[in-house]
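Structure record follows, encoded as structure tokens.
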Protein chains: 2
Amino acid sequence: MANPTIKDVAKAANVSIATVSLVIHNHKRISMETKQKVLDAITALNYHPSRSARGLVSRKTGNIGFILTHDHFLRTEPFYTQIFMGTEFEARENELYVLLTTIDSNFHEGDSLPRFILERNVDGMIIAGKVPSLLIDKLSNYNIPIVFVDYSPSNKKVSIVAVDNLHGGMLATQHLVELGHKKIAFIGGDIEHPSINDRFNGYKLALEKASMSLNERLINTEEDYPARINGYNAAKKIFSINKDISAVFACNDAMAVGVIQYLKDIGKQIPNDISVIGFDDVVSENSVNPPLSTIRVPKMEMGVEAMRLISSLVKDHKKIHKKILVNVELVVRQSTKKL
Amino acid sequence: MANPTIKDVAKAANVSIATVSLVIHNHKRISMETKQKVLDAITALNYHPSRSARGLVSRKTGNIGFILTHDHFLRTEPFYTQIFMGTEFEARENELYVLLTTIDSNFHEGDSLPRFILERNVDGMIIAGKVPSLLIDKLSNYNIPIVFVDYSPSNKKVSIVAVDNLHGGMLATQHLVELGHKKIAFIGGDIEHPSINDRFNGYKLALEKASMSLNERLINTEEDYPARINGYNAAKKIFSINKDISAVFACNDAMAVGVIQYLKDIGKQIPNDISVIGFDDVVSENSVNPPLSTIRVPKMEMGVEAMRLISSLVKDHKKIHKKILVNVELVVRQSTKKL
DNA sequence: TGCGGTTAGTTAAACGTTTAACCAAATATG
DNA sequence: CATATTTGGTTAAACGTTTAACTAACCGCA
């Protein structure tokens with residue numbers, strides 16, 4: 001049959017539609033006998049309940065909204081794309097679908113919210129990356145569970161899947177320290193961003209542990225946002241006032257690539273003259289020369305975790321807030337070297 | 001009000017719910033007066049029709065399915081990702097959402113179809129890239145419009161958004177010819193794939209136009225699929241039997257990168273010793289050295305076109321088949337040089 | 001005046017599920 | 001043996017829309 005409904009199944013199995021529904025939901029009050037009869041009819045007709053009808057009465061759509069800014073979606077490095085892919089995979093496991101939407105990074109009063117919220121077309125939402133706090137406020141008014149990924153508003157109790165940035169910052173810095181570097185620069189953009197700030201804190205902590213003093217002149221966190229071009233510019237600034245830097249910890253891979261580009265431009269060899277380490281692990285191994293040492297962030301896994309979390313929040317209907325911290329890992333390639 | 005329904009609006013505007021619905025659909029039989037009254041109530045209550053309820057009666061879900069193979073989704077080059085992004089953007093314009101799902105590249109009899117098909121949760125679908133023909137057959141049984149992107153089963157009349165691969169193949173080859181190259185190799189994988197085959201035909205056509213003879217020894221199309229590693233291997237084979245090749249046209253960027261890597265390994269300089277051109281334009285400008293000359297495929301635009309097409313097919317309910325050929329463009333960077 | 005036509009709106013059925021409330025038959029209990 | 005309880009199901013209302021069929025009011029015209 002083209003598109004069988006529950007009625008067709010009921011007729012075929014010679015029971016009421018309620019019985020069919022109860023069988024589908026594994027209700028206990030059905031005898032094994034009838035259950036099997038119904039199940040057979042279901043497979044025979046290749047019946048699948050209609051999402052729309054289900055959604056209407058059960059108030060569950062089976063959809064999860066995925067919100068990120070326009071900018072993040074368009075980024076060339078596949079950071080958020082990978083997270084999105086993780087959510088997609090896990091969504092299948094949970095019989096859910098992901099509705100992706102992008103929003104403007106400057107969201108104003110009066111701007112309309114994602115349509116899937118307004119039309120009650122999602123059971124929960126995942127917000128990936130930094131988004132305007134006004135948007136978060138607006139979204140919180142709807143009674144829909146939210147899971148943040150890689151960013152959360154600092155003031156509130158929320159569910160979040162976050163990277164252990166502090167530890168990552170320490171790992172990167174310690175790696176350079178262990179290679180014997182004494183003058184280690186830190187290059188970051190948008191230090192207001194909690195993630196970047198934590199990476200910076202990791203840097204400071206690692207230096208402290210190694211009994212190395214913090215040198216303001218080795219630090220540049222003035223760039224707007226952590227993109228390649230800003231890594232280039234930051235490197236230019238910092239190297240023009242310091243001639244003796246031997247290693248750079250850039251707050252992410254994009255900036256690290258910019259740093260490397262600048263250093264090549266002024267004739268430096270990497271890693272022979274200067275060691276450079278990044279963060280995120282988003283540039284593929286043979287796309288930059290030398291291959292970049294970095295801190296690997298398990299992007300897919302973050303998406304998976306976020307989907308698991310939102311899925312459980314939706315199902316259990318509990319208002320608990322859970323924080324999941326994903327581990328990072330030092331990946332030593334060829335952009336860092338013993339001094 | 002938390003989640004106003006059409007009833008609430010009707011009450012507020014002091015009309016029947018039918019009237020509200022008619023206003024929403026811009027039905028002519030409503031006076032300007034009442035229309036305004038209803039519209040006011042709608043904005044006052046911030047009312048938006050429920051997708052589930054709409055879907056149930058109108059048999060339109062407002063969703064479009066996006067199907068691609070697991071492999072393609074996981075590819076590091078953002079080819080299909082970009083197409084997907086294009087569909088997302090255009091979806092917003094058409095008040096649609098995209099439900100993405102991946103399928104196994106070897107689909108067997110008995111494997112279950114994407115859930116969104118079974119649950120009637122999409123109005124149409126976009127199939128991106130090469131997928132098993134058995135799957136296509138199965139999907140065709142459902143009465144849901146399909147638009148193919150970048151691949152279509154050769155035997156059938158279908159709607160498709162395709163790349164002008166033939167022209168692209170000619171452009172790439174002509175570019176090398178114009179630079180004075182005489183011995184131009186072609187490296188391709190999976191020559192059964194219509195796209196790759198067309199690129200190859202473009203190569204042949206361009207040579208013919210330039211009155212250059214086709215040399216079988218300059219051609220390698222034996223690799224399974226067009227990935228970097230296979231580009232490397234193909235280059236190895238072809239250069240071991242030809243010492244005088246001065247230029248290579250690789251059927252896509254991934255293979256071109258592999259070719260470059262091999263050439264570097266055997267000590268060749270690019271483009272001084274050998275010119276290399278790719279196809280697709282998926283490797284970012286500074287991720288390979290030297291930056292790769294290539295044929296640009298407008299990936300986003302393809303997604304946009306595909307969504308436009310499926311959207312119109314869904315709306316007009318016509319069974320027409322339309323083919324959209326998107327233009328390609330020669331992008332000269334630094335991997336090709338005058339002989 | 002009476003009738004057909006138009007205009008502007010309402011009524012009610014339908015879409016395909018879920019689930020609380022109900023019920024009949026079988027079984028257990030005192 | 002009469003009654004309470006359990007078992008295994010059914011009935012019917014509800015979810016929030018859309019839309020065909022209907023109707024009431026008004027208008028124009030012979």
Side-chain angles (χ1 to χ4, degrees), chain A residues 1-39 41-42 45-63 95 115-116 118-121 123 315 317, chain B residues 1-39 41-42 45-63 95 115-116 118-121 123 315 317:
Chain A
M1 188 172 311
N3 265 331
T5 71
I6 198 170
K7 262 189 199 163
D8 301 315
V9 176
K11 198 173 293 174
N14 202 23
V15 295
S16 72
I17 62 165
T19 303
V20 176
S21 181
L22 293 176
V23 168
I24 291 171
H25 291 87
N26 237 316
H27 197 283
K28 43 192 167 250
R29 280 246 190 117
I30 303 289
S31 70
M32 280 306 277
E33 213 177 357
T34 4
K35 187 170 171 177
Q36 197 51 55
K37 205 169 53 177
V38 171
L39 252 24
I42 287 178
L45 294 174
N46 191 25
Y47 165 75
H48 294 264
S50 138
R51 260 262 93 89
S52 295
R54 277 197 155 170
L56 185 54
V57 37
S58 71
R59 288 145 182 298
K60 287 270 169 288
T61 63
N63 299 329
E95 308 241 298
R115 204 162 41 80
F116 56 53
L118 301 173
E119 295 179 344
R120 280 142 290 161
N121 202 13
D123 303 334
K315 271 178 196 141
H317 235 259
Chain B
M1 188 172 311
N3 265 332
T5 73
I6 199 171
K7 263 189 199 164
D8 301 316
V9 176
K11 199 173 292 176
N14 202 22
V15 295
S16 72
I17 63 165
T19 303
V20 176
S21 181
L22 293 175
V23 167
I24 290 170
H25 291 87
N26 238 315
H27 198 282
K28 42 195 168 249
R29 281 249 190 112
I30 302 289
S31 70
M32 281 305 277
E33 215 177 356
T34 356
K35 187 171 173 177
Q36 197 52 55
K37 207 169 52 175
V38 171
L39 253 25
I42 286 177
L45 294 174
N46 191 27
Y47 165 74
H48 294 262
S50 139
R51 261 258 93 89
S52 295
R54 277 196 155 172
L56 185 53
V57 39
S58 71
R59 288 147 180 297
K60 287 270 169 288
T61 63
N63 299 330
E95 308 240 299
R115 204 162 40 82
F116 55 55
L118 302 173
E119 296 178 342
R120 279 143 290 164
N121 202 12
D123 303 335
K315 270 177 196 142
H317 235 260

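Throughout, a chain's letter reflects where its sequence line sits, starting with A, and its residues are numbered from 1. Computed over heavy atoms, backbone and side chain alike; hydrogens, waters and symmetry mates excluded.
Computed from coordinates, the B/I17 CD1 to D/dT17 P distance equals 8 Å when rounded to whole Å. Put simply, CD1 on B/I24 is 14 Å from P on D/dG16, counting in whole angstrom units. For the pair A/K7 NZ and D/dA12 P, the interatomic distance rounds to 14 Å; values are reported in whole Å. B/L56 places its CG atom 14 Å from the P atom of D/dC15, with the value rounded to the nearest Å. If you measure from atom CZ of B/R120 to atom C1' of C/dC15, you get 11 Å, rounded to the nearest angstrom. C/dA12 atom P lies 17 Å from atom CD1 of B/I6, rounded to whole Å. B/H48 has its NE2 atom 16 Å from the P atom of D/dG16, to the nearest Å. In this entry the distance linking NZ of A/K60 with C1' of D/dC15 reads 14 Å, nearest Å.
Residues passing the side chain to side chain donor-acceptor pair (under 3.5 Å) test with B/R54, sequence neighbours excluded: none. In terms of the side-chain contact (heavy atoms from CB on, under 4.5 Å) criterion, residue partners of B/S52 (sequence neighbours excluded) are, by chain and number, A/L56, A/T61, B/S50. B/R120 meets the salt bridge (charged side-chain N to carboxylate O under 4.0 Å, His left out) test with no other residue; sequence neighbours excluded. A search for side-chain contact (heavy atoms from CB on, under 4.5 Å) contacts involving A/K315 returns A/N94, A/S311, not counting sequence neighbours. Partners of B/S31 according to the side-chain contact (heavy atoms from CB on, under 4.5 Å) rule, which considers only residues two or more places apart in sequence or in another chain, are B/E33, B/T34.
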Show me the donor-acceptor pairs within less than 3.5 Å that the side chains of residues 13-20 of chain A make with the rest of the protein, sequence neighbours left out.
from	atom 1	to	atom 2	distance (Å)
A/S16	OG	A/A18	N	3.4
A/S16	OG	A/T19	N	3.3
A/S16	OG	A/T19	OG1	3.1

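Legend: side chain to side chain donor-acceptor pair (under 3.5 Å) pairs involving residues 20-29 of chain B, not counting sequence neighbours, sorted by first then second residue: B/N26-B/K35.
Comparing B/V57 and B/E33, the nucleotide of DNA chain C nearest to each residue sits closer to the 5' end for B/E33. Taking the nucleotide of DNA chain C with the nearest heavy atom to each of B/S58 and B/A18, the more 5' of the two is matched to B/A18.
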Inset, instruction - Apply side chain to side chain contact (heavy atoms under 4.5 Å, CB included) to the pair A/I42 and A/I24, showing each step before the final yes or no. - result: CA-CA 9 Å; A/I42 287 178; A/I24 291 171; 4.0 Å; yes
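Regarding contacts with the backbone of C/dT10, a side-chain N or O of B/S16 is found under 4.0 angstrom from either OP1 or OP2. Phosphate contact (OP1/OP2 of C/dG16, side-chain N/O of A/R54, threshold under 4.0 Å): absent. Residue B/S31 places at least one side-chain N or O under 4.0 Å from the OP1 or OP2 atom of C/dG9. For B/S21 and D/dT18, the shortest distance from a side-chain N or O to OP1 or OP2 is below 4.0 Å. Side-chain nitrogen and oxygen atoms of B/H27 include none within less than 4.0 Å of the OP1 or OP2 phosphate oxygen of D/dT19. Checking the phosphate oxygens (OP1, OP2) of C/dG9, a side-chain nitrogen or oxygen of B/T34 falls inside 4.0 Å. Contact between the side-chain N/O atoms of B/R59 and the OP1/OP2 oxygens of C/dG16 is found at a separation under 4.0 Å.
At the heavy-atom level, A/S50 lies under 4.0 Å from the strands shown only through sugar-phosphate atoms.
The side chain of A/H25 lies closest to C/dT18, out of C/dT19, C/dT18, C/dT17. Checking C/dT17, C/dT10, C/dT19 against the side-chain heavy atoms of A/A53 singles out C/dT17 as nearest.
Of all heavy-atom pairs between A/E95 and B/R115, the closest is C-NH2, 3.0 Å. Considering every non-hydrogen atom in both B/Y47 and B/T5, the closest pair reads CE1-C, 3.5 Å.
If one axis is set at each end of the helix from C/dT1-D/dA30 to C/dG30-D/dC1 from five pairs, those axes are 60° apart, to 10°.
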For nucleotides 21-24 of chain D, print each protein N/O atom paired with a nucleotide N/O atom at under 3.5 Å, atom names and distance only.
none

